[in-house]
Amino acid sequence: MDHRRGEENGLDGNSYNSDIEAEIINKKNPKEREEEEEEEEEEMSVERIFESKEVPSWREQLTVRAFVVSLVVGVLFTFIVMKLNLTTGIIPSLNVSAGLLGFFFTSGWTKFLDNSGLLKQPFTRQENTVIQTCVVAISGIAFSGGFGSYLFGMSEVVAKESEDVQSSQDYKNPAIGWMIGFLFVVSFLGLFSVLPLRKIMIIDFKLTYPSGTATAHLINSFHTPEGARLAKKQVRVLGKFFSFSFLWSFFQWFFAAGDDCGFKAFPTFGLKAQENM
C-alpha cells in the first residue's frame with residue numbers, strides 16, 4: 001500500500017521510504033536523537049578516529065615527563081612484584097594496569113599545565129605506549145632478575161644451610177657491582193633474541209600477540225572522550241580496592257607477633273573444628 005501510494009504521488013518506493021524515515025526521525029524528541037547519535041559514535045572504529053592524526057616523531061614520543069612517570073609507576077610496581085615474588089611466586093600481567101596508571105598520571109600532569117598555560121606538547125598515544133613499555137620493563141627485571149629467588153639462593157647465608165658447602169667457590173654473595181653487570185647482560189641478550197622472533201612471528205607469519213594487541217586497543221580507547229571518562233572510573237575503583245587492601249594488611253600487622261600468631265594463623269573452620277582434628 002505504501003509503495004502504491006508513493007507511485008501514485010509520482011515517487012518511487014525508495015524515495016518514499018526515505019521520506020517516511022525522515023518523518024519518523026523528526027518526530028523523535030531531541031533526547032532520543034542524541035542517544036542514537038552517541039551510539040553511532042561509539043560504534044565508529046577507534047582506528048578511524050586517529051586516521052587524520054600524524055604520528056609524532058621519536059623526539060616527541062621519548063619525553064622527559066614520560067620517563068618521570070615511568071620511574072614513579074615502575075618503582076610502585078616493583079614493590080608489588082617483589083611482594084608477590086617472595087610470597088606466592090606468581091606474577092600477573094601488568095601491561096593493562098601500567099597503561100592505565102601511565103595515562104592517569106600523565107593526563108593529570110598535562111591538564112594541570114594546560115590550565116596554567118604552560119603546556120607545550122599534548123599527551124599522545126605513542127607517549128602512553130612508551131610509559132607502559134618502561135614500567136613493564138622495570139617490573140619485569142624485578143621478577144626475572146632473580147631478586148626473590150636465585151640471587152639470594154647463591155648467598156653464603158643460604159648456602160651454609162646445605163651440608164655440601166666446602167669453600168667460598170660454592171656461593172656468591174650479592175653485590176651491587178656484579179649484579180648490575182649481570183642484569184645488563186641478561187636484558188640485552190633478551191633484546192637480541194626478541195628482534196628475530198618479532199620478525200618471524202609477527203611480521204612474517206602475522207601472528208597476533210595477545211597482550212600487546214589488548215594493550216594497544218586499551219591505550220587507543222583511553223585517548224577518546226568516552227575512554228578517558230572510563231579510565232578515570234577505573235582508576236577510582238583501583239584506588240578504593242588498593243586502599244582497602246592496604247588498611248586491612250595494616251590492621252593485621254598489629255596482631256602478627258610471630259609465625260603462629262595473627263589472622264593468618266586463625267583456623268579457617270573455627271577453633272572447635274581445630275580441637276577435633
Side-chain angles (χ1 to χ4, degrees), residues 34 37-38 40-81 93-142 180 183-184 187-188 190-191 194-195 198 202-203 209 211-240 242-243:
E34 288 179 1
E37 289 176 358
E38 289 179 358
E40 291 178 358
E41 289 178 358
E42 290 178 359
E43 291 175 357
M44 184 185 300
S45 174
V46 177
E47 286 79 7
R48 290 179 57 189
I49 298 175
F50 300 102
E51 279 181 352
S52 59
K53 294 187 178 181
E54 295 183 359
V55 178
S57 63
W58 66 271
R59 295 179 183 275
E60 296 176 345
Q61 297 179 25
L62 305 178
T63 59
V64 175
R65 68 186 177 195
F67 290 119
V68 172
V69 173
S70 301
L71 179 62
V72 174
V73 181
V75 170
L76 173 64
F77 276 32
T78 299
F79 280 100
I80 297 173
V81 168
S93 177
L94 301 174
N95 292 345
V96 174
S97 54
L100 175 63
L101 291 178
F103 171 79
F104 176 74
F105 287 123
T106 313
S107 61
W109 185 344
T110 53
K111 186 176 181 180
F112 172 76
L113 293 177
D114 189 20
N115 294 333
S116 304
L118 302 174
L119 183 64
K120 297 181 179 179
Q121 180 182 341
F123 183 43
T124 61
R125 298 175 296 154
Q126 290 77 15
E127 194 175 358
N128 201 163
T129 306
V130 170
I131 296 173
Q132 181 263 337
T133 305
C134 292
V135 171
V136 172
I138 293 171
S139 59
I141 290 177
I180 291 177
L183 292 176
F184 266 104
S187 300
F188 279 105
L191 178 63
V194 164
L195 289 176
R198 170 183 171 273
I202 298 178
I203 297 178
Y209 187 58
S211 60
T213 304
T215 308
H217 284 293
L218 186 71
I219 290 176
N220 279 339
S221 66
F222 284 161
H223 292 264
T224 60
E226 183 65 26
R229 288 192 293 268
L230 181 61
K232 292 179 181 178
K233 293 180 181 179
Q234 291 174 338
V235 171
R236 280 197 294 267
V237 173
L238 184 65
K240 289 179 182 178
F242 175 80
S243 302

Do [X] and [Y] come close enough that some side-chain heavy atom pair is under 4.5 Å?
{"X": "Phe105", "Y": "Val73", "answer": "yes"}
{"X": "Leu100", "Y": "Gln132", "answer": "no"}
{"X": "Gln61", "Y": "Val55", "answer": "yes"}
{"X": "Leu230", "Y": "Gln234", "answer": "yes"}
{"X": "Val68", "Y": "Trp109", "answer": "yes"}

Aromatic ring pairing Phe123/His223, orientation class (parallel under 30°, perpendicular over 60°, tilted between):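 Because their plane-to-plane angle lies in the 30° to 60° range, the rings of Phe123 and His223 count as tilted.
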
How close do [X] and [Y] get, counting heavy atoms only, and between which atoms?
{"X": "Leu94", "Y": "Ser139", "answer": "CD1-OG, 3.8 Å"}
{"X": "Arg65", "Y": "Pro122", "answer": "NH2-O, 3.0 Å"}
{"X": "Ile131", "Y": "Ser70", "answer": "CA-OG, 3.3 Å"}
{"X": "Arg125", "Y": "Ile219", "answer": "O-CG2, 3.8 Å"}
{"X": "Gly99", "Y": "Asn128", "answer": "O-ND2, 3.5 Å"}
{"X": "Cys134", "Y": "Phe67", "answer": "SG-CE2, 4.1 Å"}

Leu113 CG to Leu119 CG distance, which is reported to the nearest 0.5 Å: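 If I round to the nearest 0.5 Å, the distance is 6.0 Å.
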
How long is the span from the CG atom in Asp114 to the OG atom in Ser107, to the nearest 0.5 Å?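 Between atom CG of Asp114 and atom OG of Ser107 there are 12.0 Å.
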
Closer than 3.5 angstrom, by distance alone: can the side chain of [X] be matched with the main-chain N or O of [Y] as a donor-acceptor pair?
{"X": "Asn115", "Y": "Lys111", "value": "yes"}
{"X": "Thr106", "Y": "Phe103", "value": "no"}
{"X": "Gln121", "Y": "Glu60", "value": "yes"}

Pick from Val136, Leu101, Ile138: which one makes a side chain to side chain contact (heavy atoms under 4.5 Å, CB included) with Phe77?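 Only one option passes, and that is Leu101.
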
Hydrogens and angles aside, do Thr63 and Glu127 bring a side-chain donor and acceptor to less than 3.5 Å of each other?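 Result is yes, a qualifying pair exists.
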
